[in-house]
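First up is the structure itself, then whatever we jot down about it.
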Amino acid sequence: MGSLKTEEKGEHDVKVLNEAIVYVNGVRRVLPDGLAHLTLLEYLRDIGLTGTKLGCGEGGCGACTVMVSHYDRQLRKCSHYAINACLAPLYSVEGMHVITVEGLGSCKRGLHPVQESLAGTHGSQCGFCTPGFVMSMYALLRSSQTPPSEEQIEECLAGNLCRCTGYRPILDAFRVFAKTSNDLYTGVSSLSLEEGKSVCPSTGKPCSCNLNNVNDKCMGSDNIYEPTSYNEIDGTKYTEKELIFPPELLLRIPTSLNLTGFGGLMWYRPLTLQHVLDLKAKYDNAKLLVGNTEVGIEMRLKRMPYRVLISVMHVPELNVLDAKDDGIEIGAAVRLSDLMTFLKKAANERAAHETLSCKAFIEQLKWFAGTQIRNAASVGGNICTASPISDLNPLWMAAGAKFQIIDSKGNIRTVLAENFFLPGYRKVDLASGEILLSIFLPWNRTFEFVKEFKQSHRRDDDIAIVNAGFRVHLQEHSENWVVADASLFYGGVAPYSLAATKTKEFLIGKIWDQDLLQNALKVLQNDILLKDNAPGGMIEFRKSLTLSFFFKFFLWVSHQMDSIKEGIPLSHLSAVHSVHRPPITGSQDYEILKRGTSVGSPEVHLSARLQVTGEAEYADDTQMPPNGLHAALVLSRKPHARIISIDDSEAISSPGFVNLFLAKDIPGDNKIGPVVADEELFAVDHVTCVGQVIGIVVADTHENAKIAARKVHVNYEELPAILSIQDAINARSFHPNTEKCLSKGDVNHCFQSGLCDKIIEGEVQMGGQEHFYLEPQSSLIWTVDGGNEVHMISSTQAPQKHQKYVSHVLGLPMSKVVCKTKRIGGGFGGKETRSAFIAAAASVPSYLLNRPVKITLDRDVDMMITGQRHSFLGKYKVGFTNEGKVLAVDLEIYNNGGNSLDLSLAILERAMFHSDNVYEIPNMRIVGRVCFTNFPSHTAFRGFGGPQGMLITENWIQRIAVELKMSPEKIREINFQGEGSILHYGQKVQYSTLDPLWNELKLSCDFAKAREEVDQFNRHNRWRKRGIAMVPNKFGISFTTKLMNQAGALVQVYTDGTVLVTHGGVEMGQGLHTKVAQIAASAFNIPLSSVFISDTSTDKVPNASPTAASASSDMYGAAVLDACEQIMTRMKPITSQRNFNSFAELVCACYAERIDLSAHGFYITPDIGFDWVTAKGKPFRYFTYGAAFAEVEIDTLTGDFHTRMANLFLDLGYSLNPAIDVGQIEGAFVQGLGWVALEELKWGDAAHKWITSGCLYTTGPGAYKIPSVNDVPFKFNVSLLKGHPNVKAIHSSKAVGEPPFFLASSVLFAIKDAIMAARAEMGCYDWFPLDSPATPERIRMACLDELTTSLVNSDFHPKLSV
């Protein structure tokens, strides 16, 4: 086993226990040997601290954020910083203090101000990401000697993702901590402090912790947990809330560690350089690590079998940071955040020209991963990883850095950075036994310019598509500036960081002028070559970036030189100036119309306080019973194949393995499906997609189950696969009985009659979208009463589907299967049907073994197998007049259903229903088909096909505007539907609020002025363009399948006057439980605090429809109201007898009279129904209307963009809870922004041949980018239309969940408007297609200019998986 030994005694000669320890939330814990394979997150959750969540396992979402504190013996002070617990090895925090969200506060002992503020400003919806945000903000406050700026607050959240809120309320919650004085902490004036003292961010008391005093007050107060109410967030109670840094850790002598882990893993923590070298000599293949941010990914996701890990975090010689006369010495183990701080200090203290390299690194580090990664990752780790897309390596090379390398004998050699990276993938100049000791970064000379460049899918926390580091040294000769030296290095264009050698040779000796620029671009184009099949794809875009970066560099250098910049047109400087991103601001405009005690009030989410403290429980937080097992799925690795054999011999001998279950073991029926039973739970003879479930393995731990599942070997005979909508059309591969048609008027006659002045035809294609709910799919299943019953706790939007699937595959009656759901960490449709087969799979071993089984999918598996939003292809033919009036539309719509029908037909139908958006079209014909492809079955996602149908419409609306040289907004207005319009499916428009919404939006954004200002900006800026757009929508509310429009609820009144409500809906962050509780509170005329919503359970409310279609508040609210009214009716004889002092007194009186105080409520949506035989009917109860204005700014050279403003107006009738509704609007809009502009799914298809056939490449936050804090509009305004009650829903309200999602298309069309301005510079005014998502690649390649003309033609179409 392992051992501990004392290295050497320090200044405190204190006896230290020979054991590995860590403090967690102030509690001392001894770490036993044998746990080197565990991450800090696994350990925390194993000891019951489940507030820290597993969201992705790769440090990309921030749900696992914790704060680590350790005492730096060199600097003699405590450091506090946030890290990703999912990546941190357990033993890496030995000797440190770990604070999790539970350590800040709780509902019982009082909340910390950070928690209180977030809860109070509606900053937590589903709550799964919330602890991570709390800890990121808390760590920033603890580490800041002065209150942080708003910019620092936004930056500290770059590593945290939220899928629900749209981020605005989170930023508002934390903005209160951005103060201009230290009064934030104590109310103590900085003027009253003693000389040499400051306000301590840990205690809020005057102290001198910045003066290296070990025993000062910065270690905190003994009075840690005094329960306090924080109604006003002024920070004055920080003293009572902070956990002190444990005194034992201050006095403890550092020890080297030699510990072990599962599978023979060895963990070493040396404290001297010589010990490191000795270990490296002994274990040549050992991996040196500091933050484990790369090695951890390699071991867990890439399954690299490293057996010896050496943590060099505490080796002084590797942590040097020293500014010298000729440059900076940087130890290889220095953390990136420390490097950034040091470089900023150097840039402030030294002459400006000397620190251009420093400034380039500062800028590049700002966009390097998230704060938590920078706090853990080391400089040397990033260098030696030698990633071909490393952001820093091209800069080291360009800046002329030198690397010091030491061998086991202490011999040191120096190598230039540009010679360190060898040709080939991740190869470096390190011989056996050698390690990187330090990096030397020289100061810059006069007229030596260094600049960084990077373009990624998303600015925050994203890897580069292409990056670069450039340096040029100019010298004056005969009144000209001549290139004396140059370096140009690129990442993302080769298997290693690549030098543009020919370009460098061309530049040296040339005069720095326009001729140099034009000729250098020609040389560069042949210098950096990318093959058409290069990994990563986007070949044309990457080529264009290599040119754009140099073009920007030339202009930037020229702008620094007074004698040269005069020759540059002012409009070209837009290529040089970076966008100033102001702090995000927003307004929320609504009226409060209270009905009763609670309805209409902007109440905080009922679970908000539980969520901010980490006390809210999710499926995976449920404690495993002692005899519980963990499950992992055996998945297909082929898109279409015949199964020849399944070999489990290797799996059987795997550690912890219990059993493997296949189709033959299923007690009931193997065929499943929500509408048509066309899926196999476990594949029998054939597989029809990568990720199809073949079987399930159970083992003693989650990790052992996964290892064993990977050891089940399946032999295949491969068959032809259909991997796109176009493939399916060509092969006529459609799901049976899915062709649908809707029509109105006579389309053919209209086209032939000559009434149409113009007829256009075209196609619109759009990619899918991953749900990326922060909580992965999870279920815990166990048997009851000797296996006679099966119970489960699941993360699902449809507990009834789980009940039905499990009973079906086990051959049990539904009455013996119970599914409970307390809350889920986001769903968005992804947990409506696709969660059920996972629970059904886990139920098989649980039932057969009579043991509890838990299954929680890893993020990559979740994304690979559970399906996404459908990609769509629309083919249109539109006839219209010269005035812009649309007369006829003929439309074909195809969606990519995947390998089973699931809900694809209903999704197609809603797309067809919404294909008019808000426009009056006299003649219309829509034909739709669901394509069968060899991908995992695609499924419901917020909007359920509606956004895809409307996006097709808005594309041809925009094209009409181009054809007629009119504004799209004018075309929209000309064609608006009015009150009484008959839609193409026969429904009559009633109570339309489109006109007042549209007019109020136009007024709020002053559209004419905005248009004029954008046009003026575009005239004065060649390389940055702005665009604006206004887009309306109407969204039909109801399930389009009539039988699903029913809801049940159970209301029980207790003798203390409190009320328990159980209903069939699931709380997934949308505030359903809060709204339902408000309805009950108002019905009984009692405070909201007297109502409690229990978990959703199939044994309380049977046969519940999924929580979907935005209709849950309408339906379950009405069902609860029905139950409440039943009880109130029974109470009426008692209430009529006398006045009661309280509701509790009334209840007791009713109880004494033996009145039933429990009622089952029920509601059916009236007056709806659609007949597909006649293709006419009334599928929707009513419509929710909305409209949005967006303004964007794009960088035409790189495709980067910012949303400068978004104004949203929605008609929600009389809102049940306007604060929750605003949160839904903001969250839907930002999620929609991801769909139209950021989030791209890449599959192994004909468009992406570098990806394995049928496989999903974008299987985690590393490759798939949802919006981050940095993507939120600068100004984000939401208004609810006033004075328009909805007569067709409870309390005159309207549904809100899905309708706002499509309003984000205003950003897409604003981007297109900006691109049109860029193309106009080249004299190109024709219409052009812009597929969604409009990623930087699509934006850049659509902006025609001198740099792209040699690469693509004007109608170039970047590849898209459809």
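In this text the structure is predicted, and so the values were computed from the model without any measurement.
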- prompt: Measuring from H984:NE2 to L891:CG, what's the distance to the nearest 0.5 Å?
  reply: 9.0 Å
Donor-acceptor pair, side chain of Q769 and main chain of R869, under 3.5 angstrom: no
Check: C750 and C756 side chains under 4.5 Å, non-hydrogen atoms: yes
- prompt: S1292 side chain to G1213 main-chain N or O, any donor-acceptor pair under 3.5 Å?
  reply: no
Carboxylate-amine/guanidinium contact K1034 D916, below 4.0 Å: yes
field: Rounded distance (nearest 0.5 Å) linking atom CG of D1114 with atom NZ of K1288
entry: 12.5 Å
field: Any L964 side-chain heavy atom under 4.5 Å of I971 side chain
entry: yes
field: Side-chain donor-acceptor contact under 3.5 Å, N730 with Q726
entry: yes
query: Can you tell me if N896 uses its side chain to pair, donor with acceptor, with the backbone of F872 under 3.5 Å?
result: no
message: Under the rule for side-chain contact (heavy atoms from CB on, under 4.5 Å), what residues qualify as partners of T953, not counting sequence neighbours?
response: S915, N917, Y919, W956, I957
- request: Could you tell me whether the side chains of W998 and E973 share a donor-acceptor contact shorter than 3.5 Å?
  value: yes
task: State whether a side-chain donor-acceptor pair under 3.5 Å links S724 with D1245.
output: no
Heavy-atom closest pair, residues S1332 and L951: OG-CD2, 3.5 Å
message: Assess whether a salt bridge exists between R972 and E954, defined as any Lys/Arg side-chain N lying under 4.0 Å from an Asp/Glu carboxylate O.
response: yes
query: Between the main-chain N or O of M1044 and the side-chain N or O of S1105, is there a donor-acceptor pair closer than 3.5 Å?
result: yes
query: Should the pair E1240-R1338 be classified as a salt bridge under the 4.0 Å nitrogen-to-oxygen rule?
result: yes
Side-chain donor-acceptor distances from residues 1227-1237 under 3.5 Å, at least two apart:
unit_1, atom_1, unit_2, atom_2, d
Q1231, OE1, R942, NH1, 3.1

Whether over 12 other heavy atoms sit under 6.0 Å from H749 NE2: no
- prompt: Looking only at heavy atoms, which two atoms of L1210 and I1225 are closest? And how far apart?
  reply: CD1-CG2, 3.9 Å
field: Student check: side-chain heavy atoms of L1241 and E1239 closer than 4.5 Å
entry: no
- request: Could you tell me whether the side chain of I1339 reaches within less than 4.5 Å of the side chain of I1311, counting heavy atoms only?
  value: yes
task: Can you establish whether the number of heavy atoms outside K970 located under 6.0 Å from its atom NZ is more than 12?
output: no
- request: Can you sort out the partners of K758 under salt bridge (charged side-chain N to carboxylate O under 4.0 Å, His left out), two or more places apart, ordered by chain and number?
  value: none
- request: Only counting residues at least two apart or in another chain, list the ones meeting side chain to side chain donor-acceptor pair (under 3.5 Å) with R959.
  value: Y876
query: Would you say Y991 has more than 12 foreign heavy atoms packed within less than 6.0 Å of its OH?
result: no
task: Decide whether a cation-pi geometry holds between K1002 and F1189; the criteria are a distance under 6.0 Å from NZ or CZ to the six-membered ring centre and an angle within 45° of the ring axis.
output: no
For F932, ring-ring contact (aromatic ring centres under 6.0 Å, His included) partners two or more places apart: H735
- request: Any chance you could measure L905, atom CG, to R929, atom CZ, to the nearest 0.5 Å?
  value: 13.0 Å
- prompt: Does any N or O in the side chain of Q948 come within less than 3.5 Å of the main-chain N or O of M766, such that one atom is a donor and the other an acceptor?
  reply: no
- prompt: Between H870 (side chain) and G898 (backbone), is there a donor-acceptor pair under 3.5 Å?
  reply: no
- line: Between A940 and L903, the two heavy atoms sitting closest are CB-CD1, 4.0 Å
No-hydrogen, no-angle side-chain donor-acceptor test under 3.5 Å, K1176 and Q987: no
- request: Over all heavy atoms of both residues, which pair between A728 and F734 is shortest? Give the atoms and the distance, please.
  value: O-CZ, 4.4 Å
Whether S1038 side chain and T1040 backbone form a donor-acceptor pair below 3.5 Å: no
field: Of all pairs that satisfy salt bridge (charged side-chain N to carboxylate O under 4.0 Å, His left out), the ones with a partner from residues 1292-1319, not counting sequence neighbours
entry: R1011-D1313, D1211-K1294
- request: Report yes or no: does N975 contribute a side-chain atom to a donor-acceptor pair with the main-chain N or O of V886 at less than 3.5 Å?
  value: yes
Polar side-chain atom of S753 near backbone of L755 as donor-acceptor pair, under 3.5 Å: yes
task: Specify whether Y985 and F1170 have parallel, tilted or perpendicular ring planes, treating 30° as the upper limit for parallel and 60° as the lower limit for perpendicular.
output: perpendicular
task: Go through the structure and list residues passing ring-ring contact (aromatic ring centres under 6.0 Å, His included) with F1183, not counting sequence neighbours.
output: F1180
field: V676: side-chain contact (heavy atoms from CB on, under 4.5 Å) partners, not counting sequence neighbours
entry: D678, L901
- prompt: Has K1042 got more than 12 heavy atoms of other residues, nucleotides or ligands less than 6.0 Å from its NZ?
  reply: no
- prompt: Can Y1185 and D995 be said to form a side-chain hydrogen bond (donor to acceptor under 3.5 Å, both in side chains), step by step?
  reply: CA-CA 10 Å; Y1185 288 89; D995 288 334; over 6 Å; no
message: Which residues pass the side chain to side chain donor-acceptor pair (under 3.5 Å) test with K875, not counting sequence neighbours?
response: none
- line: Sorted by chain and residue number, the side-chain contact (heavy atoms from CB on, under 4.5 Å) partners of P1166 (sequence neighbours excluded) come out as Y1163, R1181
Which atom of P1299 lies closest to which atom of I1037, heavy atoms considered: CG-CD1, 4.2 Å
field: Close side-chain approach of I1194 and I1315, heavy atoms under 4.5 Å
entry: yes
message: Quick one about N923 and D746 (side-chain donor to acceptor, distance below 3.5 Å, no hydrogens or angles considered), yes or no?
response: no
field: Chi angles and distances behind the side-chain hydrogen bond (donor to acceptor under 3.5 Å, both in side chains) call for S1215, S1293
entry: CA-CA 5 Å; S1215 171; S1293 64; over 6 Å; no
- prompt: Without hydrogens or angle criteria, can the side chains of E770 and Q868 be said to hold a donor-acceptor pair below 3.5 Å?
  reply: yes
- prompt: Taking the side chain as C-beta and beyond, is there a heavy-atom pair between F828 and Q797 under 4.5 Å?
  reply: no
message: How close do T738 and L908 get, counting heavy atoms only, and between which atoms?
response: O-CD2, 3.8 Å
- prompt: With no hydrogens and no angle check, is any side-chain donor or acceptor of Q765 less than 3.5 Å from a backbone partner on L873?
  reply: no
- request: Evaluate whether atom CD1 of I1164 has more than 12 neighbouring non-hydrogen atoms of other residues, nucleotides or ligands under 6.0 angstrom away.
  value: no
message: I want to check something: taking the side chain as every heavy atom from C-beta on, are I893 and V927 in contact at a cut-off of under 4.5 Å?
response: no
- line: Those residues at least two apart in sequence (or on a different chain) that pass side-chain contact (heavy atoms from CB on, under 4.5 Å) with S937 are R834, N899, S900, D902
field: Beyond-backbone contact of I952 with N955, side-chain heavy atoms, under 4.5 angstrom
entry: no
- line: Residue set satisfying salt bridge (charged side-chain N to carboxylate O under 4.0 Å, His left out) with K744, at least two apart, ordered chain then number -> E920
